[in-house]
There are 2 protein chains.
Amino acid sequence: MSEQIKAIFDKHDIKITNARSSILEVLKNAHTPLNYEQIKEKMETMMDKATFYRNIAKFESLGIVHKFESDDRKWYFELSTSIHAHFICEECHQIKCIDVSMGEVEGDVKSIVLKGTCKACK
Amino acid sequence: MSEQIKAIFDKHDIKITNARSSILEVLKNAHTPLNYEQIKEKMETMMDKATFYRNIAKFESLGIVHKFESDDRKWYFELSTSIHAHFICEECHQIKCIDVSMGEVEGDVKSIVLKGTCKACK
DNA sequence: TAGTGCAATGCAACTTAGTTGTAACTTAAT
DNA sequence: ATTAAGTTACAACTAAGTTGCATTGCACTA
C-alpha cells in the first residue's frame, strides 16, 4: 500500500481492508475518472460489486472520492482533488479533465460536467 | 396545439401525433427540465413509456429536445434553446438554469451541468 | 372519400447499473 | 488470544430505460 493511500486511512480513521486499499490504489494510478467495470479490470483484489459500491459510498461521504454521471448511465469516480471540469465526448465517449474559469455561481460547486463533441471527433 | 409546436412539426417534417404534441406541449410550458415521471404527470394524453422514450430519442436526434442526467439516475429533458448551464443541488435536488461564462473549450459543447449545494441549502 | 403503405403505438418481456438483507468473516483494540 | 464492531460475499431485488412484435393510425393518392 502506497504512502498516499495509507495517509488517507490515517486521516479519516477508517479500517484498512484489502478491498478499500485496492480501490484507492487503482484510482490513485488513474489519469482519468473510471467507472465500476474499468476499476474492476484494473484491480488485483476480487470483490463483490456490493462491496465496491458500499466502499465508494463511504469514500464519497468522507470526501475522499468524487463521483459524477456520464451519458452512459454509469458513474465515474476519481480521487478528490481541486475542482475541475470534465468534458465528455458523445461520439468517442472519452472523458477529459479540463480547467474552466467561470463567473460567480450561487452555492458551492462540487462537480462540473460538459458534454458535446470533442476536437478529434468534430 | 400551439403555434410554436406546430412550427416544430412543419420545420422537421415529422408526423403529427397526439403523443408527440403532448410531450412538446408539456416541455414548452415547463420552466425547468423535467424527467419522465414529471412529464407523465403533466400530460393529458396517456402513452406507454416506450412511446415516450422513442419520441424523445427522435426529438433529440433532430435537435428539438436536449437531455442530461441528474444525480438520481434519471434523464431530464427540455426544449433546445441557447446553450446554458444547469445547477443541480445535491441536497434539495432542484435544478436551476444559470448563465456561465467560461474560457475557451476544445470542441463543441452541448450541455453543462454543475452539481453542488445551492444557496438555500447551504 | 376510400384505400394503402409506412411509420407510430401499446404491450409485455427484457436489460443492467446500482441496492439491500443477512449470515459469515476481519479488523483492531483489549 | 478474545471479542465487539465494522466489513464482506452471496443472492435476491429495484427501477429507468430498451426492444420485439402485432396492431393502429397518419397522410398521401386516386
Side-chain angles (χ1 to χ4, degrees), chain A residues 1 5-6 8-26 33-41 43-62 64-77 88 90 93 95 113, chain B residues 1 5-6 8-26 33-41 43-62 64-77 88 90 93 95 113:
Chain A
M1 183 171 46
I5 305 303
K6 195 169 178 313
I8 293 174
F9 283 114
D10 285 350
K11 180 176 172 191
H12 293 92
D13 197 29
I14 52 174
K15 281 190 185 174
I16 299 174
T17 69
N18 286 335
R20 287 181 182 165
S21 48
S22 183
I23 295 171
L24 292 178
E25 208 73 54
V26 170
L34 302 173
N35 63 33
Y36 166 60
E37 280 251 303
Q38 297 170 320
I39 294 172
K40 189 180 164 189
E41 279 169 17
M43 274 191 307
E44 300 179 4
T45 308
M46 279 303 174
M47 80 185 69
D48 193 73
K49 62 178 174 172
T51 302
F52 173 84
Y53 283 113
R54 278 195 267 236
N55 278 321
I56 280 285
K58 174 145 241 168
F59 293 152
E60 236 202 311
S61 71
L62 292 171
I64 299 170
V65 160
H66 171 75
K67 156 188 113 187
F68 63 90
E69 289 177 45
S70 180
D71 57 343
D72 54 3
R73 289 181 61 69
K74 290 176 189 165
W75 291 349
Y76 285 75
F77 308 98
I88 300 170
E90 291 171 339
H93 299 97
I95 300 175
V113 176
Chain B
M1 183 169 47
I5 305 301
K6 195 168 178 311
I8 293 175
F9 283 115
D10 285 350
K11 181 177 173 190
H12 293 93
D13 196 30
I14 53 174
K15 282 191 183 172
I16 299 174
T17 68
N18 286 336
R20 287 179 183 167
S21 48
S22 184
I23 294 170
L24 292 178
E25 209 72 55
V26 170
L34 302 174
N35 63 33
Y36 166 62
E37 280 253 302
Q38 295 170 321
I39 294 172
K40 189 180 164 190
E41 279 170 18
M43 275 191 307
E44 297 179 6
T45 308
M46 278 305 172
M47 80 186 67
D48 193 73
K49 61 179 175 171
T51 301
F52 172 83
Y53 284 112
R54 278 193 271 236
N55 279 321
I56 281 283
K58 173 146 241 167
F59 293 152
E60 237 202 310
S61 71
L62 293 171
I64 298 169
V65 159
H66 171 76
K67 154 187 114 185
F68 63 91
E69 290 178 45
S70 181
D71 57 342
D72 53 4
R73 288 179 60 70
K74 291 176 190 165
W75 290 350
Y76 285 74
F77 309 99
I88 300 170
E90 291 172 338
H93 298 98
I95 300 175
V113 176

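Letters A, B, ... mirror the listed sequences (proteins, then strands); counts begin at 1. These numbers come from the heavy atoms of this one structure, side chains and all, not from hydrogens, waters or symmetry mates.
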**Message:** I want to verify a distance call: between D/dG17, D/dC10, D/dC21, whose nearest atom is closest to the B/Arg54 side chain?
**Reply:** D/dC21
**Asked** Hey, does B/Lys15 reach any base, or is it just sugar-phosphate, or nothing, if we go heavy atoms under 4.0 Å?
**Response** base
**Request:** Find the distance A/Trp75:CH2 to D/dA15:P and express it as a whole number of Å.
**Result:** 14 Å
**Asked** B/Lys74 NZ to D/dT14 P: how many Å, rounded?
**Response** 16 Å
**Prompt:** Has the side chain of A/Arg20 got a donor or acceptor atom sitting under 3.5 Å from an opposite partner on the base of D/dG6?
**Reply:** no
**Request:** Tell me what A/Ala50 touches on the nucleic acid: a base, only sugar-phosphate, or nothing, going by heavy atoms under 4.0 Å.
**Result:** base
**Prompt:** Between atom NZ in B/Lys40 and atom C1' in D/dA15, what is the gap in whole Å?
**Reply:** 12 Å
**Distance in angstrom units between B/Asp48 CG and D/dG17 C1', rounded** = 12 Å
**Request:** Compare side-chain N and O positions of A/Thr17 against OP1 and OP2 of D/dT8 and report whether any pair is under 4.0 Å apart.
**Result:** yes
**Prompt:** Are any side-chain N or O atoms of A/Arg20 and backbone N or O atoms of A/Lys15, one a donor and one an acceptor, separated by less than 3.5 Å?
**Reply:** yes
**Length of the NZ-P vector between A/Lys49 and D/dA9, whole Å** = 13 Å
**Asked** Under a criterion of less than 4.0 angstrom to any heavy atom of chain B, what are the 5'-terminal and 3'-terminal contacting nucleotides of DNA chain C?
**Response** C/dC6 to C/dG18
**Message:** Applying a 4.0 Å non-hydrogen cut-off, can you work out what B/Lys67 is touching in the nucleic acid: base, sugar-phosphate, or nothing?
**Reply:** nothing
**Prompt:** So with a 6.0 Å cut-off around CG of B/Asp13, is the heavy-atom count from everything else above 12?
**Reply:** no
**Asked** Just checking A/Ile16: base, sugar-phosphate only, or nothing, at a heavy-atom cut-off of under 4.0 Å?
**Response** sugar-phosphate
**Message:** Counting the atoms with a prime plus P, OP1 and OP2 as sugar-phosphate, which does B/Asn55 contact under 4.0 Å by heavy atoms, base, sugar-phosphate, or nothing?
**Reply:** sugar-phosphate
